[in-house]
Structures are given as structure tokens and as C-alpha cells.
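The block underneath contains the structure these notes are about, expressed in C-alpha cells.
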Amino acid sequence: MRCCIVYSCFFAPQPLAVLARLLKRCATISVCCLLLWGGGSSLTTPTAIAAQPPTVIAQTNRSAAASDQASRSAAAAVNNEQAEIALMPPDIQRIVDRGKLIVAVLGNSNAPFFMTDETGQAAGLDIQLAQALADQLGVDLELNRSPDTFNAVVDTVYYRGADMAISKISRTMKRAVRVRFSHPYLTMRQGLLINRLLLAQQTNSDNVIETIRELTGDVGVIKGSSYVGFLQQRFPQASIVELDSWEDIVTAVSQGDILAGYRDELEIKKVVKTKPDAALQLKTAVLTDTQDALAMVFPWESAHLLAFANQYLDTLDAEYTVDSILEEFATYLNTQPPTL
Amino acid sequence: MTTYLKKSRLPHISVEWLRSPWCILVSVVLGVYIGTSLPPVAEAIAPIGNLYLGLLKMCVLPILLSAISNSIGRLMQSHDAKQYVQRILIVFPVAMFGMSALAAVIAILTGPGRNLSAATLESLGGLVNQSSIDLEMSLTGPIPVEESGTNLASFILNMVPENIFLALSEGQTLKVLIFAIVFGISLGLIKNANTEPLFNILDSIYSAFNQVIHWLTYLLPFGLCSLLAVQLSRIGLDVLFSMVNFVVVTLAVFAAVYVLSTFIISWRAQQSLLAVLRAQKDPTILALATTSSLACLPAAIASLHEDLHFDRQTTDLVTPLSITLCRFGSIIYFAAATVFVMQLYQKPLDVGTLFIIIVGSVFAGMATSGVTGILTLTMLGLVLDPLKLPLDAVLVLFVAIDPIINPFRTLSIVQTGMATTAMIANVQTEPQLDVAPINQSV
């Protein structure tokens with residue numbers, strides 16, 4: 001204030017003094033308004049603040065827009081309960097109302113993503129992620145284990161048999177037509193499990209890399225998995241053999257019934273770790289310029305749940321890698337037979 | 001008592017005890033003890049062994065060059081050339097194919113790779129799988145060029161040195177050998193008295209380096225102890241257990257070949273077995289300790305010529321040829337290893353594949369003369385390729401057991417090389433007087 005006066009005396013007394021007086025009056029009025037309005041809203045929704053913070057924010061915005069009319073505050077208080085329901089994202093609201101998050105997971109075990117521990121409980125990376133999301137939402141977790149193929153897991157979400165799916169699902173364009181994918185929670189490379197004897201009999205070239213690039217012969221993939229498409233795309237000359245489980249593929253490659261098995265690098269490394277005796281028969285290869293990104297699956301309209309999951313993945317401390325996961329769940333790999 | 005030269009020009013200090021068999025025995029026992037119980041000490045004394053080996057190898061190239069040039073030149077002058085070339089051309093192939101067939105048959109009969117237990121297969125797989133992924137490759141972009149050491153055509157092409165001094169400075173024995181043969185033939189065919197001084201110079205070089213080798217025998221106990229200790233400390237016993245069948249069969253084949261060679265030498269030298277065994281003491285010990293067949297070359301020549309009284313000229317010529325070119329130890333090993341791999345992968349064996357194994361092993365074995373180290377074992381690909389068997393997995397296994405196999409393979413190279421030389425060379429008639437009385441007592 002003193003500063004203001006000194007300035008006004010020194011330079012141009014008349015116009016600045018008027019401006020300062022105007023400013024002061026405006027400030028006083030706005031402070032009074034703020035005080036009045038704040039006290040009024042806190043009086044109208046004391047319970048809402050405690051229970052539902054988002055709803056409070058929504059309502060205060062509304063109140064601010066209509067701050068000039070104090071009479072409207074009473075009407076807002078009356079409509080409070082209905083406004084809360086309409087303002088929650090419907091996909092989240094459905095889960096909160098139900099009190100549980102339903103996540104689709106493939107019926108079979110697939111360590112280290114989903115398997116059963118010693119006590120018979122579901123465990124694994126995907127189960128951990130699902131549980132964490134349920135905890136963040138403040139609801140219970142329910143698993144839908146009815147799907148028997150990876151494509152069936154996607155279909156379960158598509159037909160709304162679950163709120164979402166976390167089941168080692170690879171992000172593919174074909175699937176993305178019908179469902180939405182989160183950010184990848186694990187990015188792997190693709191790999192091949194090749195029968196050494198049959199590879200030595202391939203006469204395309206002396207160079208093993210050239211032979212693999214132009215792979216001809218029977219290549220096994222899991223029925224109803226993304227690798228059926230990957231195989232057509234990457235190795236058009238190979239003939240597709242769809243088998244029921246990864247276990248069947250590994251056995252067939254070991255026995256020389258098919259030339260190779262095609263899957264992600266984690267499964268390739270898992271075979272190496274769990275079946276050391278097969279190393280004489282099996283050659284492992286990782287394709288450095290390929291990608292297999294695992295992501296969570298959502299129905300197309302669950303935009304908010306998707307954003308919620310993405311935000312959770314973004315805030316994770318450490319990024320998952322194939323080796324970190326294999327290490328974290330090493331005990332499961334050693335004790336369990338390598339099913340699927 | 002083995003001596004390289006009868007008259008030692010060394011000043012008379014009493015170090016003769018260093019050459020007694022007892023001293024060598026003590027050093028062997030000490031080396032085995034350090035190698036098995038005190039690996040850090042073995043590493044610490046490793047430089048002694050390397051120094052000894054380095055001094056020994058220093059003498060090899062001059063001896064190889066002078067011995068072959070000299071002997072082949074004199075052979076050409078003596079008009080016996082045709083007879084010796086005929087003998088070499090008959091004995092070398094017969095011996096190589098014979099050894100290859102013998103090893104293959106023994107391996108087939110004993111079946112080291114048949115009916116392996118699940119636990120053995122598992123530990124073998126663990127060996128193969130030390131790095132969890134065999135191959136990281138891209139599907140696009142240029143194809144990286146592979147280091148191919150297993151090409152027979154390139155091997156034959158590489159036998160001829162473009163630059164003899166490069167071959168000498170890089171120690172490429174096979175190229176030096178080819179050069180020495182060509183040089184010796186041309187030197188012998190020049191009917192001119194001017195060549196005589198050159199022959200004398202070559203003789204002097206040969207004698208000088210033999211003298212060095214002779215001095216080095218005084219250091220043998222030290223070198224032997226260190227070399228044995230280092231070798232033994234590097235053998236992993238767990239590897240031995242999973243490959244035990246194959247190791248035992250291979251060592252048995254090597255032992256059989258050693259005994260057979262000794263009989264042949266004994267028969268050709270017309271001396272008792274005990275005398276022959278005593279005469280080949282030095283090359284045998286050196287082969288086991290140094291695992292370098294070339295380093296044993298001077299000792300092998302000395303043993304054949306001085307102790308067993310084979311004709312010097314032929315010995316000088318044929319011993320380097322058979323040790324560098326014929327590589328019997330490698331041939332035997334490859335034949336046995338191929339049969340083992342076939343049994344491991346349960347491939348049926350018929351006459352055709354047996355033929356491929358025998359012939360392929362001979363070529364693969366000969367091809368090892370141009371290479372050293374792990375590349376020696378990759379030559380196995382020359383046999384496995386035509387049989388459509390994969391090399392990369394089993395190579396790891398063979399590399400793992402090589403510290404055990406290598407000394408005996410070297411011994412087999414040297415010993416069979418000596419036997420082949422004995423088949424070709426004649427016993428000198430005049431030095432019967434030199435035969436030690438002890439030989440007649442047995």
C-alpha cells in the first residue's frame with residue numbers, strides 16, 4: 001500500500017491512484033465471494049466429501065458456474081444422490097456396484113503367467129497384475145477360467161463374459177479390430193525351437209541363418225494363438241501345424257515329427273530351463289527383429305477402465321523383462337512340469 | 001638311457017641327474033599332486049611350462065625346414081627316391097584308412113553313445129546349454145558371413161604358401177612343409193656341385209637346433225611338472241562323468257593304437273619291446289605334457305634315429321611328414337566321435353555311412369594339420385556334414401572333454417607317426433655296435 005502511494009506520487013498521481021483503488025475493490029469483492037461460496041458448499045455436502053471425492057469435485061464445478069445464484073445450492077443438495085451415479089464412468093461403476101472385478105484367464109496353467117501354487121491358489125504374473133488392479137479399485141477379484149484357447153479369452157471379453165482379460169494375450173491387429181488393448185506390460189521377441197537333426201538335413205544353404213529365414217517344413221504353433229498369424233506372416237514357406245498345447249509341440253519337435261515350434265522367447269527359454277536333456281535335440285533361436293507384446297484386453301467401450309489400467313502400468317516401479325520374470329518365478333518353473 | 005647326441009658339449013657340471021628317469025618320475029608325481037590339489041599353485045607355476053614349451057617350439061620350424069629339405073634333396077641325389085616315394089604313397093594311405101576303420105569299428109562295437117541314461121542325457125544337455133539361447137538372428141537385413149573353417153577345398157588351396165616368410169613367421173606348419181618338400185626336390189635334382197655347401201648349411205642348422213633340444217632335456221622335469229599341473233587343474237570332473245563312456249572308449253582305442261605301434265616299431269627295429277618302450281620314453285612324456293605334436297618332433301626323430309638306429313635320412317624326411325600330415329590321433333578321434341554322435345542321435349548305421357565315416361575322418365584329420373586350438377575340433381564338421389548330423393550341439397561336448405583327450409590324441413599322433421616312419425625306413429646296418437648291452441638281456 002505504501003509502495004503504491006510512493007509510486008503514484010512520484011510518477012503520474014491521478015490515473016494510477018484510480019487504477020489501484022479499482023483493483024483493491026475488486027479483490028475485496030472476490031475474496032468475500034469465495035468465502036461465502038466455500039462455506040455454503042461445505043454445508044450442503046458433508047457426507048459426499050468423505051465417501052466420494054470425484055463427485056465432490058464435479059459438484060463444486062457446477063456450483064462455481066452458478067455461484068451468482070445462492071438459491072440454486074438448495075436444489076443441488078436435493079439432486080446429490082442421482083448426480084453421483086450419472087457422473088461415475090459406467091464401466092467403473094458397474095464393477096464397483098458388483099463389488100468384484102472379473103478377469104478372464106485361460107483355463108490351463110501357463111507358468112510363470114498363470115498357474116496354481118502349492119496351496120492350490122492361482123498365482124503368476126497375470127494373476128498378480130489382476131489382483132493389483134482389483135485392489136486399486138477397492139473390489140474383490142474373480143477369475144473367469146472358462147476359455148480354453150487364447151482366442152477364446154479375447155472372445156470372452158468381446159462377449160462381455162469378463163470386465164477384462166490378463167492372460168498372456170499378444171497384441172495383434174486382428175484382435176484389435178474387436179477389442180481394446182492396454183499398453184504392453186511385457187514386450188518379448190519371438191523365438192523358434194528347432195530340431196537339430198532335421199535342420200542339418202535342410203539343404204537350402206550352408207548358412208544356418210539363411211536356412212532359418214527361408215524355413216520350409218512343418219512348424220508347430222498352438223491352436224487358436226496369435227502365432228498362427230505370425231507364422232503366415234514371417235515364414236510363408238513353412239507349413240502350419242496347429243497343435244493343442246505347447247507341450248505337444250515341444251514333444252513333437254524333440255522326436256523329429258515336426259521341424260520347429262514357434263512361440264515367444266520366454267517359452268523357448270522356459271523349455272531350455274525345464275528340459276535340459278532336450279538340448280541335444282533342440283536348437284533355440286530368438287528373432288531379434290520381431291515382437292510379441294503382451295497386453296491386457298478390454299471391451300471396446302471400457303475406455304475408463306483401460307485408462308485406469310494404463311495409468312497403473314505407467315506407475316509400476318520396474319519394467320518387466322523376460323529374464324526378470326523367469327527369475328522371479330523360478331521356483332514354479334522348476335517344480336512344475338512344463339505344461340502348455 | 002635316452003640321449004639325443006652321444007657327445008654332450010655341455011661343460012662338466014653335475015646336472016646329469018636332471019635327466020634320470022627318477023627325476024622325471026618325481027616331477028610327474030609333483031605335477032599331478034599340484035594339478036589335482038593345489039590349482040592356484042598350478043596357475044602360478046604355469047609360466048615355467050609355457051617358457052619350456054616356447055623354447056621347444058622355437059626349434060621346431062628350423063628343424064622341420066632343414067630336415068625335410070636336406071633329406072629329400074639327398075634322397076633325390078641317391079636314386080632311391082622312387083622306392084621311398086612308392087613306400088610313402090602306399091604306407092601313408094593304408095595306415096590312415098586302417099586307423100580310421102579300426103577306431104570306427106571299435107566305437108561301433110562298444111557303443112559309447114547307445115542307451116544313455118536319462119541323468120546322463122540331462123547333464124549332457126546342461127553342458128550344451130550353458131548360454132540359454134543358441135542363436136540370436138534377425139529375419140531381415142544382410143546375412144552375416146559365417147567363419148567357415150570346415151571346407152575341404154579351401155584347405156587344399158591353403159596348403160600352398162604364397163609367401164614362405166609369412167608362413168614361417170605365422171608358424172603355419174603345413175605350408176612350411178609343402179615349401180620344404182618342393183625346395184628339397186628341386187635342390188636334389190640340380191646336378192651341380194654348388195648345391196653341396198647348402199646341404200652342409202642345412203645340416204648345420206639341423207645339428208645346432210638339435211643341440212638346443214638336447215639342452216632342453218635338462219629342463220624337462222621343471223617344464224613337465226608345470227605343464228602337467230596346469231593341464232590337470234583345468235579338467236572338470238563333472239564333465240568326465242557324463243561323457244565317461246565316450247572318454248573310456250576313446251582312450252581305449254588310443255591305448256590299443258599305442259600298443260600296436262610299439263609292436264610295429266619293435267618288429268621293424270628288430271629290438272625287444274622293452275628297449276622300444278625305453279627309446280620312446282621322451283616323445284611319449286613330451287606328447288602327454290605339451291599336447292603339441294610338433295614340439296615332440298625333434299624327440300621323435302632322435303628316438304628313431306639314435307636309439308632305434310633307423311636310417312637317418314629317411315627318418316628325417318618321413319617323421320615330420322607323418323606327424324604333420326597324417327595326424328593319426330585326430331583321424332582316430334574323429335572316427336570314434338562320429339560314431340558316438342550317430343549313436344547319440346540314433347541314426348542307423350550301414351555300409352554307406354561307415355564308408356563316409358572312415359573316409360571323412362581321414363580328410364578331417366589331415367585338415368587339422370593347418371589349424372590349432374578349438375578349430376581342430378570344428379574339423380569334425382567335415383565328417384558330420386555329409387552324414388547330415390548337426391555339429392554345434394556336440395561340439396560343446398567335445399570341447400568340454402578336450403583337456404582330457406588332447407594329451408592322448410597328441411601321443412597317438414606322435415606314436416603312430418613314429419610307427420609309420422618305422423614301416424618306411426630301414427634299420428642302418430653299421431651301428432649294431434652301438435646297441436646297448438641292456439637291450440640284449442631281455
Side-chain angles (χ1 to χ4, degrees), chain A residues 188-215 230-231 233-236 254-256 260 262 265-291 322-323 326-327, chain B residues 113 116-154 242-243 340-348 380-398:
Chain A
M188 302 181 289
R189 296 170 298 178
Q190 299 172 6
L192 283 167
L193 202 63
I194 312 166
N195 184 293
R196 290 184 193 270
L197 265 181
L198 294 178
L199 185 69
Q201 285 162 14
Q202 291 241 330
T203 48
N204 309 358
S205 157
D206 286 341
N207 189 310
V208 66
I209 292 178
E210 205 175 327
T211 310
I212 291 178
R213 281 188 187 180
E214 288 154 17
L215 205 61
F230 289 147
L231 184 62
Q233 183 195 346
R234 300 284 184 180
F235 302 104
S254 302
Q255 291 172 348
Y262 187 29
E265 72 177 304
L266 189 138
E267 294 294 337
I268 304 284
K269 285 184 177 172
K270 213 170 85 181
V271 172
V272 168
K273 278 189 199 292
T274 52
K275 288 183 126 188
D277 55 319
L280 276 176
Q281 267 76 37
L282 301 177
K283 186 186 182 76
T284 51
V286 164
L287 309 171
T288 52
D289 53 354
T290 56
Q291 211 191 50
V322 169
D323 291 322
L326 281 176
E327 198 169 313
Chain B
L116 291 177
S117 70
T120 311
L121 281 176
E122 200 162 296
S123 71
L124 288 183
L127 275 175
V128 173
N129 241 316
Q130 278 151 348
S131 64
S132 63
I133 292 291
D134 297 323
L135 178 70
E136 298 219 353
M137 55 166 282
S138 65
L139 286 178
T140 52
I143 294 171
V145 181
E146 279 184 336
E147 189 86 23
S148 76
T150 59
N151 193 337
L152 198 62
S154 75
S242 43
M243 290 286 280
F340 172 71
V341 175
M342 289 199 73
Q343 290 165 349
L344 205 58
Y345 284 116
Q346 293 164 357
K347 288 269 276 191
L380 187 59
L382 286 179
V383 200
L384 294 186
D385 270 356
L387 292 169
K388 299 283 176 202
L389 285 166
L391 172 69
D392 45 4
V394 289
L395 185 63
V396 184
L397 302 179
F398 292 129

**OP:** Identify which one of A:Asp289, A:Leu287, A:Ile209, A:Val286 satisfies the side-chain contact (heavy atoms from CB on, under 4.5 Å) criterion when paired with B:Ser138.
**Re:** A:Asp289
**OP:** Against chain A, work out which of B:Leu344, B:Thr140, B:Leu384, B:Val394 has the most heavy-atom pairs shorter than 4.5 Å and name it.
**Re:** B:Thr140
Original post:
Which atoms of A:Leu282 come close to chain B, meaning under 4.5 Å heavy atom to heavy atom: side chain ones, backbone ones, both, or neither?
Top reply: backbone
Subject >> Side-chain heavy atoms of B:Leu135 within contact of A:Leu192, under 4.5 Å >> reply: no
Original post:
Between CG of B:Leu139 and CD of A:Glu214, what distance do you get to the nearest 0.5 Å?
Top reply: 11.0 Å
**OP:** Could you grab the distance from atom CD of B:Gln346 to atom CD of A:Gln281, nearest 0.5 Å is fine?
**Re:** 7.5 Å
**OP:** Would you name the heavy atoms of B:Asp392 and A:Arg196 that are closest together and state the gap between them?
**Re:** OD1-NH1, 3.2 Å
Subject >> Nearest heavy-atom neighbours spanning B:Lys388 and A:Ala200 >> reply: CD-O, 3.5 Å
Original post:
Got a second to check how far B:Met137's CE is from A:Thr288's OG1, nearest 0.5 Å?
Top reply: 7.5 Å
Subject >> Over 12 foreign heavy atoms within 6.0 Å of CD, B:Glu136 >> reply: yes
Subject >> Heavy-atom side-chain contact between B:Pro390 and A:Leu197 under 4.5 Å >> reply: yes
